[in-house]
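Okay, structure first, notes after.
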Amino acid sequence: MIPRIVSSKTGLRGPAVIATILALAGTAHAGPDGAEIYRDLCASCHGEARLGGIGPALIPESLTRLRGENLDDIVAHGRPATQMPGFAGTLGSADITAVAAYLRTPLPGIPTWDAAEIEATRALSPEYTPAAAPVFKGDPMNITLVVETGDHHVSVLDGDTFEVLDRFATPFAVHGGPKFSPDGRYVFVMSRDGWVQKYDIWSLQEVGRVRAGINSRNIAMSADGKWLAVANYLPHSVTILSADDLSVAHVRRVIDADGRESRVSAVYQAPQRESFILALKDSPEIWEIGTTPDAGPFHDGFVHSHEKDMKEALGAEQGLFARRRIKVAEPLDDFFFTPDYRHLIGASRSGDKGVVVNLDVGREIADLPLPGMPHLGSGISWTSQGREVMATPHLKEGRLSVIDTSDWSVVKTIETMGPGFFLRSHENSPYVWADVFFGPHRDKMHVIDKNTLEIVRTLDPAPGKTVAHIEFTRDGRHALVSIWEDDGAVIVYDARTLEEVRRLPMRKPSGKYNVWNKITFSDGTSH
Ligand code: DHE
């Protein structure tokens with residue numbers, strides 16, 4: 001075992017220092033130890049067992065999907081639009097080759113993570129006592145949750161007084177939006193390492209948690225509040241939990257029509273269709289999974305008009321969790337829906353275009369010119385001068401694309417001060433708020449007029465710090481913005497005058513989620 005040391009002169013860590021010392025001494029050695037470098041530099045994000053944490057699992061099964069990207073290059077220079085940094089300044093080229101070779105070595109075995117293994121992790125909190133009414137005075141429908149990634153906590157904010165009612169510990173590295181039960185009482189939080197936590201907002205207490213995957217993407221709540229779907233990268237599965245007690249209702253291995261396994265890009269609820277919609281990351285397929293026993297999405301009008309297609313698509317599947325496959329030209333990495341959930345707008349990570357899929361007829365109906373990696377998962381829609389539009393930021397370009405969803409034309413490209421990550425609006429606000437997440441202007445926040453589609457103000461609340469992600473209060477009067485730093489804050493703005501009202505200290509606050517806006521699918525909210 002090579003000791004973990006850091007050279008004070010070079011900043012080189014453990015194995016790199018040892019390699020340098022040995023080389024200088026002219027001593028024969030076996031070359032850098034990829035496993036040791038991994039434990040030193042990579043394990044904190046990708047997990048001690050390489051099964052994923054903040055970052056994805058690093059095992060041959062997932063690395064073969066890098067599609068032509070060179071692993072040594074990624075280790076050296078990082079990956080754009082992710083939190084993967086480059087290590088070229090820390091590691092020599094022999095170290096980089098050694099760690100890349102280590103990542104290509106198969107693990108002795110990968111847990112299958114079947115229903116029994118998941119069930120074995122389920123833990124309901126012994127001290128949980130459900131309250132008969134909210135234990136706080138404020139409006140339970142105007143609660144806003146703040147995910148604080150700095151120390152893995154969620155703060156529960158009263159949306160009227162901005163008092164922190166509770167601050168609870170979450171599993172490690174929460175990602176994506178927490179999902180609320182349709183009545184707004186419970187919230188479900190997911191971490192990248194597959195844990196799902198249930199929290200009772202009325203009682204301000206955790207109900208329990210379960211590990212539904214090894215490396216997970218996101219979660220979705222069914223329209224009736226009974227089921228929670230967990231999209232996984234590892235294993236290749238979707239886990240459906242009972243929202244009541246987090247027990248496993250169904251684990252579906254994700255295998256495409258040609259028999260190949262795939263990761264899941266993301267899963268969302270389609271409330272009007274009573275279904276979950278998910279896209280396969282490694283196969284050109286979208287899946288729709290019914291969430292009612294009479295196979296909700298498959299029994300209304302469109303089934304009768306497309307009965308033959310539907311029978312083929314459904315195969316023998318009927319009943320609760322019946323699956324329908326929709327073929328697309330390319331695997332979709334990221335996607336968004338029109339508010340009626342008849343259309344899915346998707347993009348592949350490598351591509352420079354988006355596609356529109358009509359979910360009723362089950363096929364692509366239009367292409368969209370969306371170069372520069374659109375981040376459709378952050379898309380929002382609203383009405384602009386009588387037209388239904390949607391907008392998406394681009395992770396590689398400083399612009400927002402605004403699209404008319406009646407004819408799929410690009411209405412406007414709004415130039416921004418750098419690539420952004422998140423957008424938000426509210427039906428009572430005249431503005432769309434758009435962050436600049438990457439580059440030298442990551443401290444800026446654009447405010448855009450919903451009708452003219454012009455930037456009307458650029459806020460600069462914390463020069464030099466990352467300012468990102470927006471959420472409104474229930475009535476749309478206040479907009480909450482994160483200073484995305486470890487000694488960060490949530491800034492409360494008057495959403496009309498754009499003046500700062502309060503600054504609440506928080507530990508690297510990321511997403512913020514208002515109960516009412518989420519459960520009513522407020523205009524201007526992503527998913
Ligand atoms: Fe996210 C939501 C995918 C990197 C913070 N992100 C989502 C969703 C998807 C997604 C599919 C919608 C899920 C949902 O809410 O149900 N994110 C991806 C990626 O593919 C990407 C680019 C690479 C990856 O690492 O997986 C990525 N995301 C990040 C980050 O680096 C961010 C900034 C920091 C972090 O926590 O990892 C980040 N993503 C978020 C947040 C949301 C999110 C805060 C919820 C936004 C919302 O308002 O709903």
Side-chain angles (χ1 to χ4, degrees), residues 220 223 229 231 238 252 254-292 295-318 321-371 373-374 376-377 379 381 388-390 392 401 403-410 527:
V238 184
R252 187 181 274 271
V254 177
I255 300 174
D256 71 13
D258 299 323
R260 285 173 312 213
E261 288 205 0
S262 172
R263 296 170 293 171
V264 182
S265 295
V267 60
Y268 299 104
Q269 80 154 282
Q272 296 90 329
R273 310 174 72 84
E274 298 178 294
S275 65
F276 292 128
I277 308 270
L278 52 114
L280 275 51
K281 197 172 177 85
D282 307 305
S283 293
E285 279 182 28
I286 295 169
W287 286 11
E288 179 162 28
I289 295 181
T291 57
T292 58
F298 312 122
H299 67 77
D300 53 17
F302 76 89
V303 173
H304 303 301
S305 55
H306 302 281
E307 205 153 344
K308 185 171 164 293
D309 286 359
M310 287 305 302
K311 278 197 179 131
E312 264 168 32
L314 268 171
E317 292 202 15
Q318 294 291 337
F321 310 137
R323 188 259 334 268
R324 170 189 178 209
R325 293 180 198 270
I326 298 173
K327 286 284 206 182
V328 282
E330 272 188 80
L332 300 179
D333 197 56
D334 197 13
F335 52 103
F336 175 68
F337 301 91
T338 48
D340 59 7
Y341 284 83
R342 290 187 62 224
H343 295 103
L344 175 151
I345 300 105
S348 58
R349 174 162 274 251
S350 53
D352 58 357
K353 67 178 174 70
V355 290
V356 182
V357 178
N358 181 309
L359 293 169
D360 290 353
V361 298
R363 62 170 179 269
E364 291 176 17
I365 56 157
D367 280 344
L368 295 171
L370 292 176
M373 207 191 272
L376 289 160
S381 38
E388 290 297 321
V389 298
M390 64 149 286
T392 176
S401 295
I403 293 150
D404 184 328
T405 56
S406 65
D407 61 6
W408 307 112
S409 60
V410 178
H527 303 295

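Keep in mind the model is a prediction, meaning the values are calculated, not measured.
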Could you tell me whether Arg273 and Glu288 have a side-chain N and a carboxylate O separated by less than 4.0 Å? yes
So, using side-chain contact (heavy atoms from CB on, under 4.5 Å) as the criterion, who are the partners of [X] when residues are at least two apart?
{"X": "Pro369", "result": "Val410"}
{"X": "Asp367", "result": "Lys353, Val355"}
{"X": "Asn358", "result": "Arg342, His343, Asp360, Val361, Ile365"}
{"X": "Ala231", "result": "Arg217, Asn218, Val264, Val267"}

Between the main-chain N or O of [Y] and the side-chain N or O of [X], is there a donor-acceptor pair closer than 3.5 Å?
{"X": "Gln269", "Y": "Ser275", "value": "no"}
{"X": "Arg323", "Y": "Arg252", "value": "no"}
{"X": "Thr291", "Y": "Glu274", "value": "yes"}
{"X": "Ser262", "Y": "Asp282", "value": "yes"}

Can you name the nearest heavy-atom pair linking [X] to [Y], along with the distance?
{"X": "Leu332", "Y": "Ala279", "value": "O-CB, 3.8 Å"}
{"X": "Ala257", "Y": "Glu285", "value": "N-OE2, 2.6 Å"}
{"X": "Pro331", "Y": "Ser348", "value": "O-CB, 3.3 Å"}
{"X": "Leu376", "Y": "Ile345", "value": "CD1-O, 3.7 Å"}

Taking salt bridge (charged side-chain N to carboxylate O under 4.0 Å, His left out) as the definition, give me every residue that meets it alongside [X], ordered by chain and number, with sequence neighbours left out.
{"X": "Asp333", "result": "Lys281, Arg349"}
{"X": "Asp340", "result": "none"}
{"X": "Glu364", "result": "none"}
{"X": "Asp407", "result": "none"}

Quick check for you: to the nearest 0.5 Å, what is the distance between [X] atom [atom1] and [Y] atom [atom2]?
{"X": "Trp287", "Y": "Leu278", "atom1": "CH2", "atom2": "CG", "value": "7.0 Å"}
{"X": "Arg325", "Y": "Ser283", "atom1": "CZ", "atom2": "OG", "value": "9.0 Å"}
{"X": "Leu280", "Y": "Ile286", "atom1": "CG", "atom2": "CD1", "value": "9.5 Å"}
{"X": "Asp334", "Y": "Leu370", "atom1": "CG", "atom2": "CG", "value": "11.0 Å"}

Please examine the side chains of Val389 and Ile403, heavy atoms only from C-beta on, and report whether any two atoms are closer than 4.5 Å.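 Side-chain contact under 4.5 Å: no.
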Set of side chain to side chain donor-acceptor pair (under 3.5 Å) partners for Ser265, sequence neighbours left out: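 For Ser265 there are no side chain to side chain donor-acceptor pair (under 3.5 Å) partners, ignoring immediate neighbours.
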Could you tell me which residues satisfy side chain to side chain donor-acceptor pair (under 3.5 Å) with Trp408, sequence neighbours excluded, listed by chain and number?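 So Trp408 forms no side chain to side chain donor-acceptor pair (under 3.5 Å) with any residue.
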Contacts of type ring pair (Phe, Tyr, Trp, His ring centres under 6.0 Å), residue Phe335, not counting sequence neighbours: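 Checked Phe335 against ring pair (Phe, Tyr, Trp, His ring centres under 6.0 Å); matches are Tyr268, Phe337.
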